[in-house]
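Structure record follows, encoded as structure tokens.
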Amino acid sequence: MIVDIINICGQGAPILPVNIVRLLQKRGYFISKKPRKVIYKLKREVFSPLVDKNILLKYSPDQGEVWEKAIILSKIDAKKRRLPTPRKVSELYQTHFLYLGENTTLPNIYSLPDAPPDVNLEINAFLSRFKKPKNFTWEMLNLLMCASDKGVRDDLRVHLYILPLDYDEIELLEKVLEYGELFKGIHFPFKPDVDEAKGFLSRFSVK
């Protein structure tokens, strides 16, 4: 069920808890129960631990402009999925951009650095335009690990400017590269590959 929730929340816009349950019901969970009756338990036992690990991000009204943008995107997404339009919303959930795509397994990461809510909101919307490779999470992780080194990060930034991307796309991907700085003290059992990272970035220029 956790993978289903991550996939449901990774479609380009934040989503209301009750709508997450409705989509879970379509996948065979909680068939005999009303959505609102399972939300409290689900939030306590599943959503909160995923938020603590930064696998899911929680948006709330105290986030100002980010919240306003999240609400707008959520309404557009609900209409697209033929779900009830969010009203009197107090929280929305969205997958960390590292975990986008139809994941069947998750990397052994127990906690991620805090993801800036505005960057996560924007990069989810941006990446929703592209078909994700099966190894998307690992390719994004490789990119962030490469970007944890300032010299390599600058090299990747230069690479962005030779790609056929518009200014807004470059600016957004630069924010992703800056996020890589937070991965400086995190160690994984693989050596980051800069050429693979550049190839991964190049995919975003294919319209």
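Values below: every heavy atom of this structure, side chains too, minus hydrogens, waters and symmetry copies. The chain is numbered in sequence order, starting from 1.
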(Q) Could you measure the distance from the CG atom of N19 to the CD1 atom of I8? Nearest 0.5 Å is fine. (A) 10.0 Å
Q) Do the non-hydrogen side-chain atoms of V38 and Y29 ever get within less than 4.5 Å of each other? A) no
Q: Please answer whether the main-chain N or O of P164 pairs with a side-chain N or O of S205 as donor and acceptor at a distance below 3.5 Å.
A: no
Q: Identify the heavy atoms of L156 and A197 that sit nearest to each other, and give their distance.
A: CD2-CB, 4.0 Å
**Q.** Nearest-0.5 Å distance, CD1 of residue I76 to CZ of residue R81
**A.** 13.0 Å
Q. How far does NZ of K175 sit from CD1 of I123, to the nearest 0.5 angstrom?
A. 9.5 Å
**Q.** Distance in Å, E91 CD paired with K43 NZ, rounded so as to fall on 0.5 Å steps
**A.** 3.5 Å
**Q.** Donor-acceptor pair, side chain of N135 and main chain of W138, under 3.5 angstrom
**A.** no
Q. Quick one: CD1 on I5 to CZ on R27, what's the gap to the nearest 0.5 Å?
A. 10.0 Å
Q.
I need the I6 CD1 to M1 CE distance, nearest 0.5 Å.
A. 11.0 Å
Q: Could you list all the side-chain hydrogen bond (donor to acceptor under 3.5 Å, both in side chains) pairs where at least one residue sits in residues 142-152, not counting sequence neighbours?
A: K150-D154
**Q.** Residue list, side-chain contact (heavy atoms from CB on, under 4.5 Å) with D168, at least two apart or on another chain
**A.** D166, E171
(Q) Restricting to non-hydrogen atoms, name the atom on P117 and the atom on L57 that form the minimum distance, rounded to 0.1 Å. (A) CA-CD2, 4.0 Å
Q: Would you check if L121 and Q94 make a side-chain contact, meaning some heavy-atom pair closer than 4.5 Å?
A: yes
Q: For the pair L16 and L92, evaluate side-chain contact (heavy atoms from CB on, under 4.5 Å) and give the outcome as yes or no after the intermediate values.
A: CA-CA 5 Å; L16 199 66; L92 294 165; 4.1 Å; yes
Q. So, does T137 use its side chain to make a donor-acceptor pair with the main chain of L98 at under 3.5 Å?
A. yes
What donor-acceptor contacts under 3.5 angstrom involve side-chain atoms of residues 62-75, with partners at least two apart or in another chain?
residue, atom, partner, partner atom, Å
D62, OD1, S60, OG, 2.5
Q63, OE1, S60, N, 2.9
S74, OG, P14, O, 3.3

Q. Taking N120 for the side chain and F97 for the main chain, is one N or O donor matched with an acceptor at less than 3.5 Å?
A. yes
Q. Minimum heavy-atom separation for S202 to L163, with atom names?
A. OG-CD2, 3.6 Å
Q: Might you point out which heavy atoms bring L127 and M140 nearest each other, and give the distance in Å?
A: CD1-CE, 4.1 Å
Q: Begin with the C-alpha distance, continue with both residues' side-chain angles, and end with the deciding distance and a verdict on side-chain contact (heavy atoms from CB on, under 4.5 Å) for L23 and I15.
A: CA-CA 11 Å; L23 291 172; I15 186 168; 3.7 Å; yes
Q: Using atom types as modelled and distance alone, determine if a side-chain donor or acceptor of E139 lies under 3.5 Å from a backbone N or O of E196.
A: no
Q: Start with the C-alpha gap between K33 and V21, add the side-chain angles, then the distance that decides, and say whether side-chain contact (heavy atoms from CB on, under 4.5 Å) holds.
A: CA-CA 10 Å; K33 298 181 180 180; V21 175; over 6 Å; no
Q: Could you name each residue pair satisfying ring pair (Phe, Tyr, Trp, His ring centres under 6.0 Å) that touches residues 146-169, not counting sequence neighbours?
A: none
Q. Using a side-chain heavy atom cutoff under 4.5 Å and only I, L, V, M, F, W and Y, what cluster partners does Y40 have?
A. none
Q.
Can you pull out every side-chain hydrogen bond (donor to acceptor under 3.5 Å, both in side chains) where at least one residue sits in residues 177-186? Sequence neighbours excluded, please.
A. H96-Y179, R153-E181, R157-E178, E181-K184
**Q.** Heavy atoms of other groups near K58 NZ, more than 12 under 6.0 Å
**A.** no
Q) Which atoms form the tightest heavy-atom contact between C9 and I20, and what is the distance? A) SG-CD1, 3.5 Å
